[in-house]
There are 2 protein chains.
Amino acid sequence: MSGVREEKKRQTRKAILEAAMTLFGTRGYEKTSVEQLAKAAGIGKGTIYSYFQTKSEIFLALCEDELDFLHKEMSKKANNETPLLETLVDIFMTEFRYVTRNRDFGRVFLRELVFPTELTVERSKEIDNRFIELFIPLFQKAQKRGELRADLELLFAFGHFYSLYLLTISAWYCGRLLEDADVLMLLRMLFKQALSGLAPVLSPSQQLPTNHES
Amino acid sequence: MSGVREEKKRQTRKAILEAAMTLFGTRGYEKTSVEQLAKAAGIGKGTIYSYFQTKSEIFLALCEDELDFLHKEMSKKANNETPLLETLVDIFMTEFRYVTRNRDFGRVFLRELVFPTELTVERSKEIDNRFIELFIPLFQKAQKRGELRADLELLFAFGHFYSLYLLTISAWYCGRLLEDADVLMLLRMLFKQALSGLAPVLSPSQQLPTNHES
DNA sequence: TACAAAAAATGACTGCGGTCGATTTTATTC
DNA sequence: GAATAAAATCGACCGCAGTCATTTTTTGTA
């Protein structure tokens with residue numbers, strides 16, 4: 001029966017991820033070598049590379065699992081009728097705190113996620129997509145409540161908030177923001193700005209039209 | 001006289017950067033080793049590291065020079081009275097085309113710029129600041145023309161547009177955008193959205209207030 | 001159970017980024 | 001110009017990510 005082999009492979013994969021969880025968590029990502037990882041998982045170094053293409057892919061797989069859990073938690077938050085702004089700030093701050101628990105951890109993750117190589121691009125898109133799906137129902141409700149324009153393409157709305165979130169994280173990595181509270185403040189401010197618009201309020205007839213593209 | 005020594009150092013530095021320009025340009029960043037760089041510059045490998053702390057720092061120094069030139073060119077564009085939206089799209093598209101001339105090139109640059117390590121954070125901030133300064137006068141004019149809210153903190157206005165630019169580049173690296181024209185379209189669309197706001201148009205009294213923070 | 005074919009595991013090896021103590025070059029002082 | 005201090009250069013060396021030819025294990029078949 002070939003099911004035995006499959007099972008063993010799944011266990012090995014799990015062992016690698018568990019070793020990664022422990023070692024990345026304690027020694028940090030940069031200071032953990034693939035050989036240490038292999039030893040901790042009780043396998044040879046070469047074997048690692050028949051399960052993952054690069055060291056950073058192990059890392060992304062780890063994040064994927066945890067983010068999955070995190071996003072399920074968040075979707076509960078997303079279900080109540082709190083004003084959009086507060087919910088958004090809440091979700092992105094949770095994400096921020098998780099991603100930057102460990103500075104190196106977050107840097108590797110974000111670099112791969114935002115500017116992926118050919119190797120990691122598919123995995124990155126998956127993570128992105130899962131995140132996007134979390135927001136769509138949230139936005140739909142906000143539209144019904146009149147907190148968000150009805151003619152908005154929701155994917156672009158997500159992109160808009162997400163981009164401001166990225167900027168905020170970037171500011172944190174650049175040392176322009178130091179405390180959790182600073183991050184929170186900037187994020188809320190930018191989100192408010194995004195909602196109300198950067199241009200002066202015009203009469204509806206003068207309002208810039210919103211494009212619709214695929 | 002100690003001026004001779006200084007002069008020699010400047011020449012060595014220049015030789016390294018010229019070698020980098022040639023080799024990164026032809027073989028690509030990843031495929032050029034520091035040893036090759038040293039040989040091409042006619043010096044030992046170790047010497048490189050008394051001029052630059054890491055390989056990526058050489059790269060950033062290179063970009064800094066070129067960006068300096070590019071930004072001076074742009075500031076000419078920024079001086080006429082074209083509508084803000086068009087000027088912004090124009091400038092960011094120029095930047096985009098420059099940065100992504102070479103895919104690896106751009107990835108390394110953006111990763112270091114947006115999510116820098118402790119080693120490169122100062123250099124990254126400098127590049128950022130130079131870019132910011134390009135926009136401030138542009139925004140001031142737009143405010144006078146009534147294209148931008150008068151109560152806007154200009155640094156945050158810059159951040160807003162810059163973040164949308166980053167998102168667009170990220171989408172390109174993720175393979176969600178392929179052609180130059182797609183990038184242009186998304187960028188323009190997001191900028192319009194930012195100007196007009198994501199929330200429905202309310203009467204001025206209902207408008208969300210804009211915060212003022214340092 | 002015996003045997004062959006396919007799959008999986010392995011660790012020696014390669015190439016690279018970055019370090020460091022030894023060596024050479026330059027500046028200074030008498 | 002000799003002696004000494006300081007700065008700059010160097011390449012052998014280290015640790016690590018990733019490869020690959022070889023070995024070991026598993027599976028299917030008779």
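Below, chain A is the first sequence line, B the second, and so on; all start at residue 1.
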Determine the contact category for [X]: base if any of its heavy atoms lies under 4.0 Å from a base atom, sugar-phosphate if only primed atoms, P, OP1 or OP2 are that close, otherwise nothing.
X: A:Thr47; answer: base
X: A:Phe52; answer: nothing
X: A:Ile48; answer: nothing
X: B:Lys45; answer: base
X: B:Ser56; answer: nothing

message = In terms of relative ring orientation, are A:Phe161 and A:Phe191 parallel, tilted or perpendicular, with 30° and 60° separating the classes?
response =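 Rings of A:Phe161 and A:Phe191: perpendicular, as their planes differ by over 60°.
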
Checklist entry - Among the nucleotides C:dC16, D:dC16, D:dT19, which one has an atom lying closest to any side-chain atom of A:Tyr49? => result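 Of the options given, the side chain of A:Tyr49 lies nearest D:dT19.
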
Q.
Let's see if you can work this out: which of C:dG18, D:dG18, C:dA9 has an atom nearest to the side-chain heavy atoms of B:Thr54?
A.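 It is C:dG18.
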
Output field: ring centroids A:Phe109/A:Tyr98 closer than 6.0 Å
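Here the rings of A:Tyr98 and A:Phe109 have centres that are no less than 6.0 Å from each other.
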
To the nearest Å, give me how far apart [atom1] ([X]) and [atom2] ([N]) are.
X: A:Lys39; N: C:dT10; atom1: NZ; atom2: P; result: 13 Å
X: A:Glu30; N: D:dG15; atom1: CD; atom2: C1'; result: 14 Å
X: B:Ile43; N: C:dT23; atom1: CD1; atom2: P; result: 21 Å
X: A:Glu35; N: C:dC13; atom1: CD; atom2: P; result: 13 Å
X: B:Leu37; N: D:dT9; atom1: CG; atom2: P; result: 15 Å
X: A:Gln11; N: C:dA8; atom1: CD; atom2: P; result: 15 Å
X: A:Lys55; N: D:dT19; atom1: NZ; atom2: C1'; result: 17 Å
X: A:Ile58; N: D:dC16; atom1: CD1; atom2: P; result: 15 Å

Can you find a side chain N or O atom of [X] that sits less than 4.0 Å from OP1 or OP2 on [N]?
X: B:Tyr51; N: D:dT9; answer: yes
X: B:Lys8; N: C:dT26; answer: yes
X: A:Lys9; N: C:dA8; answer: yes

Practice prompt. Decide yes or no on salt bridge (Lys or Arg N to Asp or Glu O under 4.0 Å) for B:Arg103 and A:Glu118, but give the supporting numbers first.
Written response: CA-CA 10 Å; B:Arg103 213 179 169 93; A:Glu118 276 71 19; 3.2 Å; yes

key: Distance-only polar pair, side chains of A:Glu133 and A:His71, donor-acceptor under 3.5 Å   =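 The answer is no; no qualifying pair exists.
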
Need to verify one output field. Residue with the more 5' nearest nucleotide on DNA chain D, A:Gln36 or A:Gly46?
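Upstream on the strand: A:Gln36.
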
Is the shortest heavy-atom distance from the side chain of A:Ser163 to the side chain of B:Leu166 under 4.5 Å?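 No - every pair of side-chain heavy atoms lies 4.5 Å or more apart.
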
